Amino acid sequence: MSFFSEFRSFIAKGNVVDLAVGIIIGGAFTGIVNSLVNDVVMPVVSVVIGGIDFSNYFLPLNSAVTATTLDAAKEQGAVFAYGKFLTVIINFLILAWIIFLMVKGVNRMRAVEEKKPASAAPAPPPADVQLLAEIRDLLKSR
């Protein structure tokens with residue numbers, strides 16, 4: 001088998017295609033989670049803890065950094081931006097929670113499907129159809 005045909009066979013397998021779809025959807029889902037955290041969760045957290053904005057929390061790693069906002073401080077020199085790190089951790093926890101709920105739901109659906117009784121055997125044909133089938137079988141055997 002040539003290299004390219006082997007590669008084509010590998011790519012055509014269902015698992016690779018499923019993985020690619022998952023990665024693409026995950027990339028799109030990241031934008032949703034980022035917006036949820038930055039635009040919904042973090043403002044509420046900020047109000048609850050007294051109007052704190054995590055995005056501008058940083059420690060200057062250089063004495064030349066005197067700015068009060070993270071973007072301006074980055075222009076002046078190296079900074080340890082732990083506020084953004086906290087935001088990323090919250091993003092991760094929300095994403096992990098959503099995935100947990102999705103897996104839990106899928107597992108619940110699978111459990112319901114497994115509990116369903118196997119489809120009952122098909123009903124026997126009516127007596128006249130059975131009689132005609134027996135006659136047919138007898139005629140075939142002669």
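Keep in mind the model is a prediction, meaning the values are calculated, not measured. For the numbers below, each heavy atom of this structure counts, side chains included, while hydrogens, waters and symmetry mates do not.
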*Taking all heavy atoms of A73 and all of A67, pick out the closest pair and write down the distance.*
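Taking A73 first and A67 second, the nearest heavy atoms are N-CB, 3.5 Å.
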Answer yes if [X] and [Y] sit in the same cluster of Ile, Leu, Val, Met, Phe, Trp and Tyr residues linked by side chain heavy atoms under 4.5 Å apart, and no otherwise.
{"X": "M102", "Y": "L36", "value": "yes"}
{"X": "L70", "Y": "V65", "value": "yes"}
{"X": "F85", "Y": "F80", "value": "no"}
{"X": "V40", "Y": "L86", "value": "yes"}
{"X": "F29", "Y": "V103", "value": "yes"}

*Pair V112-K115, side chain to side chain contact (heavy atoms under 4.5 Å, CB included): steps then yes or no*: CA-CA 5 Å; V112 168; K115 287 182 182 179; 5.8 Å; no
*Would you check if V21 and I25 make a side-chain contact, meaning some heavy-atom pair closer than 4.5 Å?*
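A side-chain contact under 4.5 Å exists here.
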*Any Q76 side-chain heavy atom under 4.5 Å of N62 side chain*: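 No; the side chains remain at least 4.5 Å from each other.
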_Residue Y82 excluded, over 12 heavy atoms near OH under 6.0 Å_ =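 Counting neighbours around OH of Y82, more than 12 heavy atoms of other residues, nucleotides or ligands fall under 6.0 Å, so yes.
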*Test side chain to side chain contact (heavy atoms under 4.5 Å, CB included) applied to R110 and V106, step by step*: CA-CA 6 Å; R110 285 182 182 166; V106 168; 3.9 Å; yes
*Measure the CZ-OG1 distance between F58 and T69 for me, rounded to the nearest 0.5 Å.*
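Result: 6.5 Å between the selected atoms.
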*Would you give the length of the straight line joining atom NZ of K140 to atom CD1 of I135, rounded to the nearest 0.5 angstrom?*
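One gets 13.5 Å once the value is rounded to the nearest 0.5 Å.
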*Could you tell me whether the side chain of S35 and the main chain of I32 form a donor-acceptor pair under 3.5 Å?*
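Checking the backbone N and O of I32 against the side chain of S35, no donor-acceptor pair under 3.5 Å is found.
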